Amino acid sequence: VRADADDDDNELAARAASGDRRALETLLDRHADRIHAICRRVLGHPEDALDATQEAMIAVARGIGRFDGRSSFTTWLYRVSTNAALDEGRRKSRRPVPVEELPEPAGGGSSVESRVSSRIDVDTALQSVPEEFRVAVVLRDLCDLDYAEIATVLDIPPGTVRSRIARGRRVLAEVLGNPDPGDERPTDGDTP
Amino acid sequence: VTDDPTTDVPDQPDERDEHVAELLEVPPLDDVTRRRLVSRALEAAGETGATDDDETGAGAPAAAPRGRRILAVAAGAVAVIAVGAGVISALRDDGGGSGSTTVAGRVEDKQAEGAAPSTGDSGEGLGAAEAPAPDTEPASPRASANAGPIDLGDLGDVGDTARLRATVRGALAGADPQTRYLQDSRATPCTAAAPPPGTSAVAVGTGRDQGTPVVVLVVAEDLDRFRVLRLDPTTCAVKSDDEL
């Protein structure tokens with residue numbers, strides 16, 4: 001199914017590269033959620049993620065004319081999205097965060113509130129994961145790319161991908177499983 | 001932190017961690033946001049053509065950072081405030097008019113942003129709260145002439161306050177003061193009747209709060225303090241009043 005989808009994407013990308021605006025629109029619409037998800041998890045902030053998503057989509061729209069099909073469209077898309085998120089993160093790191101942009105504390109109680117709280121915990125935990133590890137984990141576990149694909153997207157050796165994912169998951173599990181430094185609750189996941 | 005692939009890495013199979021995958025799940029974008037993102041991307045590409053020279057296609061974001069966009073909006077707000085009392089008075093005289101807005105009508109004109117730094121290194125983004133006084137950004141002549149509120153369009157589900165803030169900020173960040181000021185005759189009655197004393201309506205949109213239609217009104221207390229109100233579209237009664 002995924003191969004079929006990739007073929008369809010590549011065909012659309014080829015048409016878009018030759019100036020078919022409808023094909024480009026279809027591609028952007030089809031992948032908007034995925035681009036946003038990458039940006040959201042890499043950045044951990046909803047507004048920054050939307051900004052990065054917009055930048056990525058503009059980069060795709062402007063760069064599609066040079067897409068030559070040597071790599072798959074999705075690989076190229078993931079690279080664009082990842083770089084857009086990292087660029088936004090660098091801009092974000094240079095500006096102060098207004099108090100009102102900080103996540104509002106979520107109360108316990110209802111399942112909805114618990115889920116919100118859990119999501120905030122995930123954002124907080126992800127920000128504890130070094131950026132290069134975080135990106136690798138996002139591409140593996142959120143986007144379901146295999147190590148070879150991630151290596152292509154990030155332009156690093158597969159062994160480094162493996163290392164980054166393992167370390168990223170470990171940090172994430174430690175932070176999520178033991179949010180209080182004084183709390184000795186066991187962690188799940190792949191913490192040794 | 002070491003990045004050496006040969007050290008201290010458990011030999012694990014190349015498998016997705018389903019637990020992490022579940023944690024990382026992100027809800028899909030709402031249709032309005034998705035369409036807006038797509039439209040702006042197409043618009044931006046159409047204005048400049050495929051000119052991105054970065055091999056990855058990603059290192060050269062074309063749009064201005066949010067701070068610059070908010071700055072432009074703030075400039076528009078100044079124009080509105082500058083004519084404040086007269087505008088509100090005029091809107092009161094008008095009384096009616098349709099508050100309906102369309103997303104299609106809100107496709108952003110990115111021309112001003114097209115000239116923004118393309119490297120992403122020089123964009124000094126500023127949040128709305130710390131945007132400087134917009135004396136470096138000329139207020140739109142059209143804004144001064146029309147002096148209507150900024151058209152935020154349909155904001156979708158605005159029932160959650162945090163989401164409402166984010167949505168309004170996002171809409172304001174994408175607002176174009178050159179084209180998106182409502183004509184007085186299109187303003188909803190609430191833009192005239194609802195602003196609390198000492199404030200001016202600077203933006204208006206529509207949305208749904210738990211399925212019930214609401215008017216979303218952004219009012220300015222001064223140049224950098226804004227509040228966002230949810231109003232009953234029929235009575236203009238204020239249902240909520242939050243700092244933006």
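Remember, it's a predicted structure, so these values are computed and weren't measured experimentally. Here is how names work: the chains are called A, B, and so on, in the same order as the sequence lines, proteins then strands, and each is numbered from 1.
- Contact record, B/Ala41 with A/Ala61: O-CB, 3.6 Å, taken as the closest heavy-atom pair.
- Within the 4.5 angstrom heavy-atom criterion, only side-chain atoms of A/Leu172, from C-beta onward, approach chain B.
- Atom CG of B/Leu42 and atom CZ of A/Arg62 lie 11.5 Å apart (nearest 0.5 Å).
- Side-chain contact check for B/Leu23 versus A/Leu126: every heavy-atom pair is 4.5 Å or farther apart.
- The line from CD of B/Glu15 to CG of A/Asp146 is 12.5 Å long, rounded to the nearest 0.5 Å.
- The main-chain N or O of B/Glu25 is found under 3.5 Å from a side-chain atom of A/Arg41 such that the two form a donor-acceptor pair.
- The local environment of CG in A/Asp155 is sparse, with at most 12 non-hydrogen atoms from other residues, nucleotides or ligands closer than 6.0 Å.
- Between B/Leu29 and A/Leu50 the shortest side-chain heavy-atom distance falls below 4.5 Å.
- Contact of A/Leu86 with chain B is not made at all, since no heavy-atom distance falls under 4.5 Å.
- In this structure, the side chain of B/Arg35 does not engage the main chain of A/Asp29 through any donor-acceptor pair within 3.5 Å.
- In terms of heavy-atom proximity, A/Leu142 sits nearest to B/Arg16 at O-NH2, 3.1 Å.
- Of the candidates A/Thr26, A/Leu28, A/Leu27, A/Leu28 is the only one forming a side-chain contact (heavy atoms from CB on, under 4.5 Å) with B/Val38.
- Most heavy-atom pairs under 4.5 Å with chain B, from the set A/Asp33, A/Ile156, A/Leu24, A/Val137: that is A/Asp33.
- Expressed to the nearest 0.5 Å, how far CZ of A/Arg169 lies from NE2 of B/His19 amounts to 11.5 Å.
- Summarising the geometry, atom CD1 belonging to A/Ile58 is positioned 10.0 Å from atom CD belonging to B/Glu43; distances are rounded to the nearest 0.5 Å.
- A pairwise comparison of heavy atoms in A/Gln54 and B/Leu37 identifies NE2-O, 3.0 Å as the closest pair.
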